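What you see is a predicted model, and the numbers here were worked out from it, not measured in a lab.
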Amino acid sequence: LEFAGEGIYHVDERGRITFANPAAAQMLGWTPEELIGKPAEELLDHTRADGIHYLCRRDGTCFPVQFRSNPDGATGQVVVFSDESERMRMERELDAARDRADRERLQAAECERARWARELHDETLQGLAGLHVQLFSAARATSVEDMGARIAEAQRQIEDEMEKLRGLISELRPAALDDLGLAA
């Protein structure tokens with residue numbers, strides 16, 4: 001018990017501490033001898049609204065603990081506890097990092113959607129508008145040869161637009177993704 005890393009103390013049937021190991025004393029800010037005879041209730045800050053158990057140090061500050069308490073028959077109980085401050089701090093940091101990552105993912109997705117909207121508006125929509133004008137003018141052609149030339153030009157523009165769309169699609173889902181995977 002003297003070398004255990006967890007805090008351990010014994011409380012008698014009257015609620016007074018009869019034993020405290022060095023780890024318990026250090027975490028609580030007392031010497032083991034000063035804890036002997038002290039009412040255990042003075043150390044306990046019970047469970048707060050957050051549902052976490054706290055023990056209080058000599059200086060009045062409290063820290064979150066995880067503890068186990070085993071009844072020791074008619075002679076009281078043994079309490080084993082560990083300071084959860086570091087674990088809880090790390091959990092808060094992990095939660096904050098996850099929140100940041102979620103926000104960054106959403107922002108990146110929104111930026112990508114905006115880029116695609118610009119690409120489709122500036123490239124594809126403009127190309128289709130040009131085709132519309134060409135076909136409209138082909139319908140108003142005064143001769144069959146003139147109509148054929150305008151339709152042939154519209155067909156070349158359609159091929160150009162299809163090539164541009166293939167390029168956009170390839171950006172959206174590059175072939176390397178299938179070959180090498182997402183990590184690469």
Side-chain angles (χ1 to χ4, degrees), residues 4-7 23 26-29 44-57 59-69 79-184:
E6 294 179 308
Q26 180 186 13
M27 284 188 256
L28 295 168
L44 193 58
D45 192 17
H46 298 288
T47 302
R48 295 184 184 172
D50 59 10
I52 298 171
H53 297 282
Y54 291 84
L55 286 178
C56 296
R57 295 183 185 94
D59 65 8
T61 61
C62 296
F63 60 99
V65 293
Q66 182 175 22
F67 74 93
R68 295 176 305 285
S69 174
V79 177
V80 179
F81 68 93
S82 57
D83 185 342
E84 295 292 298
S85 301
E86 183 63 15
R87 182 189 61 78
M88 290 176 71
R89 183 194 63 76
M90 289 171 40
E91 282 179 359
R92 284 190 304 273
E93 286 180 9
L94 182 59
D95 288 343
R98 284 182 182 138
D99 289 345
R100 277 191 310 276
D102 288 345
R103 283 191 306 274
E104 288 170 5
R105 254 191 315 279
L106 285 173
Q107 184 178 10
E110 183 55 34
C111 286
E112 190 63 10
R113 279 193 290 277
R115 185 180 79 82
W116 276 96
R118 282 190 310 277
E119 288 282 338
L120 291 172
H121 177 269
D122 295 348
E123 295 287 329
T124 308
L125 190 58
Q126 297 303 320
L128 289 173
L131 278 169
H132 181 266
V133 169
Q134 278 187 337
L135 290 173
F136 182 77
S137 76
R140 302 183 127 223
T142 55
S143 70
V144 174
E145 293 81 24
D146 188 29
M147 182 184 293
R150 292 180 190 194
I151 289 173
E153 179 57 34
Q155 286 176 319
R156 281 191 295 279
Q157 191 167 347
I158 287 172
E159 288 171 5
D160 288 346
E161 291 305 317
M162 287 171 55
E163 193 57 37
K164 288 178 189 175
L165 276 174
R166 281 189 194 99
L168 288 174
I169 290 167
S170 134
E171 281 184 45
L172 187 60
R173 175 100 175 136
L177 190 59
D178 293 328
D179 298 338
L180 304 174
L182 187 59

Which heavy atom of [X] sits nearest a heavy atom of [Y], and at what distance?
X: Ala154; Y: Leu135; value: CB-CD2, 3.8 Å
X: Gly5; Y: Ala23; value: O-CB, 3.7 Å
X: Tyr54; Y: Pro64; value: CD2-N, 3.4 Å

Out of curiosity, [X] [atom1] to [Y] [atom2], how far, rounded to the nearest 0.5 Å?
X: Ser85; Y: Met90; atom1: OG; atom2: CE; result: 12.5 Å
X: Ser82; Y: Arg68; atom1: OG; atom2: CZ; result: 7.0 Å
X: Arg92; Y: Arg87; atom1: CZ; atom2: CZ; result: 10.0 Å
X: Glu84; Y: Leu55; atom1: CD; atom2: CG; result: 11.0 Å

Aromatic ring pairing Phe63/Phe81, orientation class (parallel under 30°, perpendicular over 60°, tilted between):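 Rings of Phe63 and Phe81: tilted, as their planes differ by 30° to 60°.
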Side chain to side chain contact (heavy atoms under 4.5 Å, CB included) partner of Glu6, chosen from Asp83, Val79, Val80, Val65: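 Going through the options one by one, the only one that passes is Val80.
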Side-chain ion pair, Arg156 and Glu159, N-O less than 4.0 Å: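 Here Arg156 does not pair with Glu159 in a salt bridge, since their nearest N and O are not under 4.0 Å apart.
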Pairing of Arg98 and Asp95 as salt bridge, 4.0 angstrom limit: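 Answer for the salt bridge query: yes.
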side-chain contact (heavy atoms from CB on, under 4.5 Å) between Glu110 and Gln107, intermediate numbers included: CA-CA 5 Å; Glu110 183 55 34; Gln107 184 178 10; 5.7 Å; no
Could you go through residues 121-131 and list every donor-acceptor pair under 3.5 Å that involves a side-chain atom there, pairing it with any protein atom two or more places apart or in another chain?
none

Pairs where residues 138-148 contributes a residue and the test salt bridge (charged side-chain N to carboxylate O under 4.0 Å, His left out) is met, not counting sequence neighbours: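 Output for this query lists Asp146-Arg150.
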Under the side-chain hydrogen bond (donor to acceptor under 3.5 Å, both in side chains) test, residues paired with Thr61 that sit two or more places apart: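 Listed in chain order: Arg57, Asp59.
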Close side-chain approach of Lys164 and Glu161, heavy atoms under 4.5 Å: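 Result yes, sub-4.5 Å side-chain heavy-atom pair found.
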